[in-house]
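Each remark here refers to the structure printed beneath this line.
Chain identifiers are assigned alphabetically (A, B, ...) following the order of the sequence lines, protein sequences preceding nucleic acid strands; residue numbering begins at 1 within each chain.
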Protein chains: 2
Amino acid sequence: MSPKSEEQFEAIRQERKESLKVSALKLFANKGFKATSVMDIAKDAGVSKGLLYNYYANKDELVKELIITGIEKIMGDMNMDFSQKLTKESFTRMIEINFNLIRENSDYWKLYISVLTQPTVTKLVSQEIFEILAPFFMAVTGYYQEKGVKNPMAYAYLLGAIFDGVGIDYIFAGEQYPLQEIKNIIIEKFV
Amino acid sequence: MSPKSEEQFEAIRQERKESLKVSALKLFANKGFKATSVMDIAKDAGVSKGLLYNYYANKDELVKELIITGIEKIMGDMNMDFSQKLTKESFTRMIEINFNLIRENSDYWKLYISVLTQPTVTKLVSQEIFEILAPFFMAVTGYYQEKGVKNPMAYAYLLGAIFDGVGIDYIFAGEQYPLQEIKNIIIEKFV
DNA sequence: CTTTGTTGACCAAACGTTCAGTCAAAAAAT
DNA sequence: ATTTTTTGACTGAACGTTTGGTCAACAAAG
């Protein structure tokens, strides 16, 4: 019936979409959303400008998908079980994994931070980000509640802010930034 | 010799430049550098596009001046005397002033953060920012050295990261963000 | 008149987006 | 085997806008 099987076409499409996403992530993270043109992305992925519009309705939808799958990936890598309470050990492990992510997955971090900053992009995804991060936030709050601190929610907010701040400064300062030492201080003070 | 005294002209020029800076700051902070057009700025300031180029060589120079005078203003408002050692009291006061700045001067913060993020803009001012922040960083490091912690420099970096992270999250979350409570935790843990 | 602030029409370049048309590959027909 | 037909991924020229930046001309004021 058809010249190629649907599975073959699907495979080709997934490959191309992935290739476009890889290029777009790299460029958005290192040049910024507005500063990256659709042509830049297509060139980097080795395809024509038109093909990008076969796979994504527009530039906005592309960045939206990038951010959401990015955060989901990071949350997945963090490998936390939100259904049960955090222990000292799992909490420490979570912090350590997060610091590894900052170093190893810095492009995702750059994109995520630039989203928090650039209001044009924020509008597109703020609700989704909030929903994805909610369980994480709840778990951390629960941990501090258990610990009996005065203001568990503020602690959770603060920890999130620290991750954001360390990430942004690491991006800015580069390899010389003392990630290890800072991680140790945080574990000492906040576990 | 001149139809108006040089002082009069200078006053007019300073007024216009200031007006353009106010508009540019507002728009850069809330729309982003790339997303804000020169026309946007001129309209907001109530002047023509051409006049902007009478006062600033180009868009880059405008944002550069904004960022540098902005950080200098914040550092000035922080009112720290770097020539002498920080005490528990002055250190606490510094943290409190910084938190006030986050709330009261959020446009400067947004711009500063977006600079750290957007590589196009970063290149323009990274050296200057580094130089302006250096004394602050040294003083904080000295404080922790005096305190006898294991890694004073890492503490200074961490405190800087916390300011950045709290600032960015406050911008993102808005008025509901528990700035006060977080400030108290920081003072409790880091003074 | 001279000087200086100010304007807005103007420009080339770059932008996101569209779409008529091309092409290799596979199925169907011969 | 060979030819024909059908498919959908893929291209790139073209479109309408918008951009950062220029400049000749004008306004205002001594």
Side-chain angles (χ1 to χ4, degrees), chain A residues 1-25 27-28 30-66 118-121 123-124, chain B residues 1-25 27-28 30-66 118-121 123-124:
Chain A
M1 262 293 148
S2 59
K4 269 188 190 170
S5 74
E6 186 52 38
E7 294 87 36
Q8 281 177 300
F9 278 130
E10 185 58 25
I12 289 173
R13 284 195 296 258
Q14 285 307 318
E15 208 172 295
R16 278 279 184 259
K17 283 192 83 169
E18 186 59 29
S19 160
L20 282 165
K21 274 168 75 172
V22 168
S23 293
L25 172 62
L27 291 166
F28 284 157
N30 291 298
K31 292 182 63 174
F33 176 68
K34 269 275 178 183
T36 301
S37 72
V38 173
M39 195 44 161
D40 288 338
I41 299 167
K43 258 192 187 147
D44 190 274
V47 298
S48 72
K49 214 168 27 154
L51 188 61
L52 190 147
Y53 284 90
N54 258 8
Y55 293 117
Y56 299 96
N58 48 45
K59 212 182 157 190
D60 284 356
E61 206 192 68
L62 173 53
V63 78
K64 189 171 169 174
E65 183 161 329
L66 265 181
Q118 254 186 318
T120 321
V121 191
K123 297 283 172 72
L124 298 170
Chain B
M1 267 299 128
S2 44
K4 268 188 189 171
S5 73
E6 186 51 38
E7 295 85 36
Q8 281 177 300
F9 278 130
E10 186 59 24
I12 290 175
R13 284 195 295 257
Q14 286 307 319
E15 208 172 294
R16 278 275 185 258
K17 285 192 80 169
E18 186 58 28
S19 160
L20 282 164
K21 275 167 73 172
V22 168
S23 293
L25 173 63
L27 291 166
F28 285 156
N30 291 298
K31 291 182 62 176
F33 176 68
K34 270 271 177 184
T36 301
S37 71
V38 174
M39 199 36 164
D40 287 338
I41 301 166
K43 257 193 187 144
D44 191 274
V47 299
S48 70
K49 195 165 56 146
L51 190 60
L52 189 147
Y53 284 92
N54 218 22
Y55 292 117
Y56 298 97
N58 48 46
K59 211 183 158 188
D60 284 356
E61 206 191 66
L62 173 54
V63 76
K64 188 171 170 175
E65 183 161 329
L66 265 182
Q118 253 187 321
T120 321
V121 192
K123 298 283 171 72
L124 299 171

Round to the nearest Å and state the distance from [X] atom [atom1] to [N] atom [atom2].
| X | N | atom1 | atom2 | value |
| --- | --- | --- | --- | --- |
| B/L27 | D/dG20 | CG | P | 12 Å |
| B/L51 | D/dA28 | CG | C1' | 14 Å |
| B/K31 | D/dT19 | NZ | C1' | 12 Å |
| A/K34 | D/dT19 | NZ | P | 8 Å |
| A/I12 | D/dT7 | CD1 | P | 16 Å |
| B/L52 | C/dG8 | CG | P | 15 Å |
| B/K43 | C/dT6 | NZ | P | 19 Å |
| B/D40 | D/dT18 | CG | P | 11 Å |

- Checking side-chain contact (heavy atoms from CB on, under 4.5 Å) for the pair B/I12/B/E15: CA distance, chi angles, key distance, verdict? CA-CA 5 Å; B/I12 290 175; B/E15 208 172 294; 5.7 Å; no
Choose from [options] the nucleotide whose nearest atom is closest to any side-chain atom of [X].
| X | options | value |
| --- | --- | --- |
| A/N58 | D/dA9, C/dT17, C/dG5 | C/dT17 |
| B/V47 | D/dA9, D/dT11, C/dT7 | C/dT7 |
| A/V38 | C/dT17, C/dC15, C/dG5 | C/dT17 |
| A/S37 | C/dG16, D/dA9, D/dG20 | C/dG16 |

Does [X] make a side-chain N or O approach to OP1 or OP2 of [N] shorter than 4.0 Å?
| X | N | result |
| --- | --- | --- |
| B/Y55 | C/dT6 | yes |
| A/R16 | D/dA9 | no |
| A/Y53 | C/dT17 | yes |

- Message: Any N or O donor-acceptor pair under 3.5 Å from the base of C/dT17 to the side chain of A/K49?
- Response: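 Flag set: donor-acceptor pair detected.
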- Message: On DNA chain C, compare the nucleotides closest to A/A57 and A/A35; which residue's is nearer the 5' end?
- Response: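 That would be A/A35.
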- Query: So, A/E10 versus A/Q14: side-chain donor-acceptor pair below 3.5 Å or not?
  - Reply: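 A/E10 vs A/Q14: donor-acceptor pair found between side chains.
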- Query: Between B/A35 and B/D40, what is the shortest heavy-atom contact and its length?
  - Reply: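 Where B/A35 meets B/D40 most closely, the heavy atoms are O-OD2, 4.1 Å.
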- Message: With a 6.0 Å cut-off (strictly less than), is the heavy-atom count around NZ of A/K34, excluding the residue itself, greater than 12?
- Response: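 Open: at most 12 neighbouring heavy atoms sit under 6.0 Å from NZ of A/K34.
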- Go through A/I41 and A/L20 one step at a time and tell me if the side-chain contact (heavy atoms from CB on, under 4.5 Å) criterion holds. CA-CA 7 Å; A/I41 299 167; A/L20 282 165; 4.2 Å; yes
- Query: Touch check for B/N54, heavy atoms < 4.0 angstrom, all strands: base, sugar-phosphate only, or nothing?
  - Reply: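 Since a base atom lies under 4.0 Å of B/N54, the category is base.
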- Pick base, sugar-phosphate or nothing for B/Y56, based on heavy-atom distances below 4.0 Å to the nucleic acid.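 Here B/Y56 touches no strand at all.
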